[in-house]
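Have a look at the structure below, then the notes.
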Number of protein chains: 2
Amino acid sequence: MSATGRRATIKDVAARAGVSRTTVSAALNGKGNLNAGTVARVREVAAELGYEPNALARGLRQSRLGVIALVIRPLDDVDTRTLEGVDYFLRFAGAAALSALEHGYALLLVSDPTRGDAPSSSLAADGYIVDTPLDGDILVDLLRRRGTPFVAVGVAPERTPPFPAVTHDVASDTELVLSHLADCGARRITLITGTDRNDWNAVAAASYRAWTKQHDFPVDVVALNEATGVIGGHEAGLTLLESDARPDAVYCLTAHHAAGLAQAAQERGLNVPRDLQIVAGSDAEVCRTFNPTISALNLHPEASARLAADLLVGLLTDHPPSWPVAGPPNTLEVRGSSRVRT
Amino acid sequence: MSATGRRATIKDVAARAGVSRTTVSAALNGKGNLNAGTVARVREVAAELGYEPNALARGLRQSRLGVIALVIRPLDDVDTRTLEGVDYFLRFAGAAALSALEHGYALLLVSDPTRGDAPSSSLAADGYIVDTPLDGDILVDLLRRRGTPFVAVGVAPERTPPFPAVTHDVASDTELVLSHLADCGARRITLITGTDRNDWNAVAAASYRAWTKQHDFPVDVVALNEATGVIGGHEAGLTLLESDARPDAVYCLTAHHAAGLAQAAQERGLNVPRDLQIVAGSDAEVCRTFNPTISALNLHPEASARLAADLLVGLLTDHPPSWPVAGPPNTLEVRGSSRVRT
DNA sequence: CTGAAAGCGCTTACAG
DNA sequence: CTGAAAGCGCTTACAG
């Protein structure tokens, strides 16, 4: 309640209470064996002055700020920049935030610290969550070099990396989707992956090849930059549907590509799902609102974020838990764009 | 790349480059008139050692961390704790994060710092965004007392407060909804508000009374705790629909209440919208997926968050912009639960 | 053009 | 039971 502009510091409290800064610190943090009367007086004075310990000073001294960070990778996609439909990221972030708060941490949303223009605050956290790291991710390298605790999310279990991670079983996801499409009558399934060099794209492609070989299906893989969004999916779709060996089903890892493809199919006079079945590898608002609605894998971002936050917070304690941690089993939301034959 | 466990500090760089810490600091921050050769050498050594300035030390010294915070008020609602359908909060947070990053800030998601169990990191930010402050909000009091910059969001313009805010014209929103319902044939409109003492609830109720009086409509206001969610809306709906003066339309400020009410109506054999029209005062996933879909006000959380972040960042500069800032004009998403007569 | 010293606001061994 | 001193890693007047 002090009328001065300056914020009260531990020094002010010490002076007013007639004790040393050491005593104030101990009293307020409940450390040591202080005289009960002293403690009470210090607390009273602190309340009077509206004293709040400076989190930065404390953090500097203790090498612990009480903050974990979620790294936001560049969102170059024209579609995603508006955040409309970027379900996965928002849900992941929201759940990570709640989980962090429950553990007594705040969640810092930072840009990739390896970017030249990243503010220094992006390196202020006690630990980091890195979603879907790339092969040879330089951010992962930076964090390891610094000895900063971090948790990667979305790493394939069969490539179990030598760093803490919440894994994502992309191989079984892929089989789940392909089997579903085959059950619905598909015989020529095209896979459209993204171009980022992460396990999601790599393992999905590998699993697709294995599955198609085993089931004697033709192989057709298209890699399409994630950032092209709906427009990219639309263009790629037009090309794909003109080809002689037109597929009767497409598995698009990216939701926006799937929506663009569905649009292209309809423009070409094809009925979805009768002439072309479509499944997206991640869910988004656009999949739920498109006509017809688009089947998609539910990656359960909330569950995955909680596991990541819990693991990271655990790594910051004296008794670090073991890893990797298996992510939630993903489920297929069957919608109008693919239907089981009856 | 140092193999030691310790992170390189400015001292290490100074020693290795054979200059003082002062010089390293100036060289790395491009300050003063240093010899170009010195600067180059210092930068080289810094890169060699993988030196990254400690954000906390810098922040402590400069009283500026490069972080703005978004306060997360307690989410007591059973429904919202799962984050399913809490569109508003997630979209707001996502857009605020992107906007902050564009301005060179990171966004910290913190629990209410006035809560006893809030970690001290919740007070580490340079500025705060407080969404929908309560009347006599103690968090607002705390921030003002500390002299910490903050921006409130969702304050009625007619109550323009003596603090920076992005306002929300609840009065015209209310009229928009009531007129829409009247246009659709409603003659007895009940208003269901929340119980939080914020401008949203207060102004909506006041505007409703004014509008109904002016149009000679009966008045029926129910206040229902926001935290009761869909279940609370369902219970309140059952009671409301049993009454002699059953309404033919309900304006529910909370999306979850609206969904619960719609459910109750259908259980009672009422057709929505024929027997009972419903509009929600905020949009959420549940409004878009319910059968029938539920009309709702789109509060444009992304736009509102951007305005708030921009204003807050502006307040942290030497040339603070003026305020209050008018929030985005809200729009009504007309869906199945209310339809204009043809 | 460069450096020594002070200080941001805390906590933590260590004395007494 | 309490305090003086050192130090976390920076930046910033101020000398030289």
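Note on naming: letters A, B, ... go to the chains in the order of the sequence lines (proteins, then strands), and numbering restarts at 1 for each one.
Summarising the geometry, the separation between CZ on B:R64 and P on D:dT11 is reported as 12 Å, rounded to the nearest angstrom. What separates CG of A:L60 from P of C:dG7 is a distance of 17 Å, to the nearest Å. Here the P atom of nucleotide D:dG9 and the CZ atom of A:R61 are 10 Å apart, to the nearest Å. The nearest whole Å value for the distance from the CD1 atom in A:I10 to the P atom in C:dC8 is 14 Å. In this structure, B:L65 atom CG and D:dC10 atom C1' are separated by 13 Å, rounded to whole Å. In this structure, B:L56 atom CG and D:dT11 atom P are separated by 13 Å, rounded to whole Å. Between A:N54 atom CG and D:dC8 atom P there is a gap of 18 Å when expressed in whole angstrom units. Atom NZ of A:K11 is separated from atom C1' of C:dC10 by 12 Å (rounded to the nearest Å).
Residue-level contact check: A:K31 touches the backbone only, with heavy atoms under 4.0 Å from sugar-phosphate atoms and none from bases. Contact annotation for B:T38: backbone-only contact, meaning every heavy-atom pair under 4.0 Å involves sugar-phosphate atoms and none involves a base.
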Per-residue pairing states of DNA chain C in dot-bracket (Watson-Crick or G-U under 3.5 Å; . unpaired, | other strand) read |||.||||||||.|||
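Every pair passing salt bridge (Lys or Arg N to Asp or Glu O under 4.0 Å) that includes a residue from residues 15-39 of chain A is listed here, sequence neighbours excluded: A:R16-A:E48.
A search for side chain to side chain contact (heavy atoms under 4.5 Å, CB included) contacts involving B:D126 returns B:R64, B:L65, B:Y105, B:L316, not counting sequence neighbours. Residues passing the side chain to side chain contact (heavy atoms under 4.5 Å, CB included) test with A:A26, sequence neighbours excluded: A:L34. With sequence neighbours left out, the side chain to side chain donor-acceptor pair (under 3.5 Å) criterion links B:S304 to no other residue. Residues forming a side chain to side chain contact (heavy atoms under 4.5 Å, CB included) with A:S25 (at least two apart in sequence, or on another chain): A:I10, A:N29. Judged as a salt bridge (charged side-chain N to carboxylate O under 4.0 Å, His left out), and not counting sequence neighbours, A:D310 has no contacts. B:S63 is linked by a side chain to side chain contact (heavy atoms under 4.5 Å, CB included) to nothing, counting only residues two or more places apart in sequence or in another chain.
Listed pair B:N29 / D:dT11 meets the phosphate criterion, a side-chain N or O lying under 4.0 Å from OP1 or OP2. Taking side-chain N and O atoms only, A:S25 has a distance below 4.0 Å to OP1 or OP2 of C:dT11.
Among the nucleotides C:dC10, D:dT12, C:dT2, the one closest to any side-chain atom of A:R58 is C:dC10.
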For nucleotides 3-5 of chain D, which of its nitrogen or oxygen atoms have a protein nitrogen or oxygen under 3.5 Å away, and what is each distance?
from, atom 1, to, atom 2, distance (Å)
D:dG3, OP2, A:S20, N, 3.0
D:dG3, OP2, A:S20, OG, 3.2
D:dG3, OP2, A:T23, OG1, 2.6
D:dA4, N6, A:T22, OG1, 2.5

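Between B:D196 and B:R73 there is no salt bridge, since none of the side-chain N atoms of the basic residue sits less than 4.0 Å from a carboxylate O of the acidic one.
Here the closest non-hydrogen pair linking A:L142 and A:T114 is CD2-CG2, 4.0 Å.
In terms of position along DNA chain C, the nucleotide closest to B:N35 lies nearer the 5' end than the nucleotide closest to the other residue of the pair A:P53 and B:N35.
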